[in-house]
Structures are given as structure tokens and as C-alpha cells.
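Worksheet: the structure to be examined is printed underneath.
Chain letters run A, B, ... following the sequence lines, proteins first and then strands; every chain starts at 1. The structure presented is a predicted model; accordingly, all values stated were derived computationally and were not measured.
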2 protein chains.
Amino acid sequence: MVKKRENMLLDNSTEEKIKESARKVFLKKGYAATRTRDIAEGAGINLALLNYYFRSKEKLFELIMLETMFSFMQKMAVVLNDEDSKLEKKVELIASNYIDFFTEEPNVPIFVLNEMHKNPRLLFDTLPVRELFFNSVFFRQYQTQVAKGKIKEGNPANFLINMMSLIIFPFVGSPIFKLITGTLDAQYLELMQERKKLIPRWVKAMMKSM
Amino acid sequence: MVKKRENMLLDNSTEEKIKESARKVFLKKGYAATRTRDIAEGAGINLALLNYYFRSKEKLFELIMLETMFSFMQKMAVVLNDEDSKLEKKVELIASNYIDFFTEEPNVPIFVLNEMHKNPRLLFDTLPVRELFFNSVFFRQYQTQVAKGKIKEGNPANFLINMMSLIIFPFVGSPIFKLITGTLDAQYLELMQERKKLIPRWVKAMMKSM
DNA sequence: GTCTATAGGGGGATAGAC
DNA sequence: GTCTATCCCCCTATAGAC
């Protein structure tokens, strides 16, 4: 269902062209403000053809959403269950992966969060996120650290929330942060790169004092 | 321009009823998905009357947006410039104020962030946020701590970003976090309350190791 | 100020030719 | 598979009566 990036780029089928265009427009404008006409135009085809392939705007949207969330989760899942790396290294990898991902696709976070907020059902139809997290090597390692007293005992939810907040929110709130700090786009991206190394340290420091 | 809450609640004028309804619908659905018919219905008046008072959907939206952002910023501004409290106390107050605010109005953060992302111009037309922050007592205190070596030297932007991330993101990503951690709505709100006290500690711990 | 009625346009979806 | 033409609903905005 979800093809590899290489295949997608080589695949010049009409269906793929429409999906690429749809992805671009949906991510930029959100579901409600998107016009199927714009998607068609972006794909270099006709409106009728869009409906021929995907039946409706809604169906096309759900497909794009599913694929986007899947790639979103997958980035995490791979790292979470790596047996060879330690907890701190995993935090570093997660931060690094997501920061690279969002740097290339800056609209993904706000898009996913917003649509999810409007329609939480979209979440349930996807993946067993809950099991994915609690059965992970990552979580087991976290618990070990707590048992050893290296991480102060507390709600594990806070660990997850804090880590993801530090990684994702700077992208979600970028317009405000850029304005307040008077940072240009290029500088801001540099800052995000620096944060790859800082976030693991911060997470570590925080968790000692929960 | 922006009236006090007490006045708003007592003010039963048609104009105010429309604004209240508009606020509710816009916050819930976002600009694009909002129908002026729904606003009118919610206010118990007719569609024509809405345009009589506010000229257009867009004008009404801009007004609501402006007021929302204003109250958003004001919450911060008051604390930032308090001469009597120390830096750590300020972080505590900011966290506490925002968590209470978002608990009452859970749609505000994602709404503001999303609309701002779609149309960053909305930001520029508001307030001199930049000056507000850098000329604040808060920022001066931050610099003093850095000079004293109590906060490790680093980009001040990170201080702001991290604090706001820990405060706001849990509300923005609530659907996902609830799902992953298997938390019910009431429990999640409890968690947010607990975070009022935890966030200042975390911020402090982080800033020692920038 | 408030209403009813309607203009006017936009957008999603389909029929039907090629 | 792909196009043109068109349907039809929905939504914003306004005209005009009260």
C-alpha cells in the first residue's frame, strides 16, 4: 500500500501524479480549504479523472492522511525497537529523524495535528500506537532506568510528551518563534539542527528531576 | 476594543451574541470549514444580520482572531514584566496561567497555530511581540542568570521555545497522547495540572545543561 | 435592527463522447 | 483512460420589506 520513496519518484502513472499533487495541496491548505480543481491542475490532469481514480475528495484525503501518518509513525517505530542502542541514543535518533523529516516537509506536523484534532477518528483507523509504544524496547529501557534510579519515578506519559514536545513544537510554532526571536528562515533551520544534539541532553536532565 | 470578561458576559447585545457564536464555531472548525449560517444559528439570529454587523465572514474572522491572539499574548505580557517575582516564579506563573486557559479553551492553541501557519500575515498585524519579549523584565532576569553562570550560555531562543513547547504542545497533541498512553479526558486534565509544578523544575534542569 | 427572499458564484461530482 | 460539458447543491452576500 505504501510504496518506497524511490518507486514513487519513478512512478509516473496518473494515479501517482494525482496523489503527489493532492498531498501537496492538502498539506498546504488543509482538507476544508482544498479544491479538487487545484489538485487536478497540479497533477496536469482533469477534474473528472481525479474522481475516476479516487471516487471523491474525501476518499483521496483519507488515503493521503493514512500514508502520511503511517510514515510519521514508522519513523518512530524503527528506532523504538532497535535492540542495540541505549535509551539516550534512541532519543538522539528520534530527534534527528524527525527534525530531518520536518525540515523537508515543514507542513506535516501542523497538518496532521490539526486534522487529527478536527476528526480524531482518523487516528483510530490507523495503527495500534498504544501497543507499539508500551511493548517497545524503548519503553522497557525506560523502565529499567527508573528501576535503577537513574530516572526519577514519575508518569511515563510525561517522558513521552516532553520528548515529543521539544522535537515537534518548534516546527508547529515556527511563525511565532521566528517573529519573536527575529530569526530568518535559514537561521531557524540551523537552530533546529543544533537542537538534534541538545534535545537528548535536555531530556536526560529533565528526567533526573521529575 | 477588547472588553473585560465580566462585561462580555453581561453584554447581551446582538453584536456580542454573534461574536460569541462566531468564536465558538471558528475555534472548533477553523476558518475554511466554518459556515456563516452556523454562526447565525448559534447566535439565534439571521444570516443577513451577521453581514449587517460585520460586513463579511472574513472581517468577522479577523476580529475574532485578533481578540484571541490578544488575550493569548496578554496572559504572557502581564507576567513577563512583573518586577517583584523571580525568573523561576515567572515560569511557574506562565505555565499555570496557560494551562488554566487551555483547560477552559482547549481549541485555542491548535486554532491559533493552524490559522497562523496558513496566513502568517495575521501575526504581523497584531502586536510588537519581539519588543515585548526582549524588553521584558523576564528577559533581563534571564540574562542576569546567564551572567551569574546559573544558566548555561546558549541561544535564548531555546529557552523560550522549550518553555512554550512543554506548556502548549500537550494540548495541541492531546488526541495522540491520550491514545498512546490510554488516558481518559479527566485523567489527562489532571496530568496537565500536575505539570504546572513540574514544568518550572524541568525548565530549570534543562537550562543548566544547555 | 431584523427579517425573508434571492442573487451570484464556487466547488464536488457525473454523463457521455472520444 | 481521458476529456468537455454540465448538473446541482451549498454558501456568502445583498436587496428590500417591515
Side-chain angles (χ1 to χ4, degrees), chain A residues 1 3 7-68 111 114-115 118-119 121-122, chain B residues 3 7-67 111 114-115 118-119 121-122:
Chain A
M1 174 184 51
K3 296 182 185 174
N7 291 342
M8 281 179 64
L9 290 175
L10 293 175
D11 194 342
N12 277 329
S13 69
T14 304
E15 193 172 338
E16 210 52 57
K17 276 193 296 184
I18 297 174
K19 271 171 62 179
E20 269 178 51
S21 173
R23 190 177 152 77
K24 202 175 293 181
V25 182
F26 278 136
L27 281 171
K28 186 174 174 188
K29 305 208 172 187
Y31 177 76
T34 289
R35 305 184 315 155
T36 48
R37 283 174 158 80
D38 287 340
I39 297 177
E41 195 185 339
I45 53 98
N46 189 277
L47 212 180
L49 208 52
L50 185 150
N51 287 289
Y52 170 78
Y53 277 105
F54 299 98
R55 294 292 297 167
S56 73
K57 177 187 177 183
E58 202 182 342
K59 289 244 187 342
L60 178 53
F61 172 76
E62 281 170 6
L63 185 67
I64 300 296
M65 191 64 177
L66 199 74
E67 292 193 6
T68 304
F111 169 75
N114 187 48
E115 299 297 343
K118 259 65 178 179
N119 181 11
R121 258 210 46 221
L122 289 169
Chain B
K3 296 182 185 175
N7 292 342
M8 281 180 65
L9 291 174
L10 293 175
D11 195 340
N12 278 328
S13 69
T14 303
E15 192 171 339
E16 210 52 56
K17 276 193 296 184
I18 297 174
K19 269 171 63 178
E20 268 178 51
S21 174
R23 192 178 150 77
K24 202 176 291 181
V25 182
F26 277 137
L27 280 172
K28 187 174 173 189
K29 306 207 172 190
Y31 176 76
T34 290
R35 304 181 315 155
T36 48
R37 281 176 158 79
D38 288 339
I39 296 177
E41 195 185 338
I45 53 98
N46 190 277
L47 213 177
L49 208 52
L50 186 151
N51 286 291
Y52 171 77
Y53 277 104
F54 299 97
R55 294 290 299 165
S56 73
K57 176 187 177 182
E58 201 181 344
K59 288 245 187 343
L60 178 52
F61 173 76
E62 280 171 7
L63 186 66
I64 300 294
M65 190 65 178
L66 199 74
E67 291 194 7
F111 169 76
N114 187 48
E115 299 298 343
K118 259 61 178 184
N119 181 10
R121 258 211 45 222
L122 289 168

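Residue A/T36 has a polar side-chain atom (N or O) positioned under 4.0 Å from OP1 or OP2 of C/dG12. Not one side-chain nitrogen or oxygen of B/Y52 sits closer than 4.0 Å to the OP1 or OP2 atom of C/dT2. A/N51 has a side-chain polar atom (N or O) that falls below the 4.0 Å cut-off from OP1 or OP2 of C/dA13. Between C/dG1 and B/T14, no contact under 4.0 Å exists linking OP1 or OP2 to a side-chain N or O.
Across D/dG1, D/dA13, C/dT2, the shortest atom-to-atom separation from the side chain of B/Y53 is found for C/dT2.
Looking only at distances, a side-chain donor or acceptor of A/T68 sits under 3.5 Å from a matching main-chain atom of A/I64. With A/K57 contributing its side chain and A/Y31 its backbone, the two residues share a donor-acceptor pair below 3.5 Å.
Under 4.0 Å is where a charged nitrogen must lie from a carboxylate oxygen, and between B/E67 and B/K19 at least one such pair does.
Here C/dA15 presents its P atom at 15 Å from CG of A/N46, a figure rounded to the nearest Å. Rounding to whole angstrom units, CG of residue B/N12 and C1' of C/dT2 are separated by 17 Å. Separating the CG atom of A/L49 from the P atom of C/dA15 is a distance of 16 Å, rounded to the nearest angstrom. To the nearest angstrom, P of C/dG12 lies 9 Å from CG of A/L50. One can place CZ of A/R37 at 11 Å from C1' of D/dT6, the figure rounded to the nearest angstrom. Atom NZ of A/K59 and atom C1' of C/dA13 are 13 Å apart (whole Å). The CZ-C1' distance, from A/R55 to C/dA15, rounds to 13 Å in whole Å. A straight line from CD of B/E58 to P of D/dA13 spans 8 Å, rounded to a whole angstrom.
The OG1 atom of A/T34 sits 9.5 Å away from the CG atom of A/L60 when rounded to the nearest 0.5 Å.
Residues A/R35 and A/A48 both approach DNA chain C. Their nearest nucleotides, taken by heavy-atom distance, put A/R35 toward the 5′ side.
If you look at A/F26 and A/F61, their ring centroids are closer than 6.0 Å.
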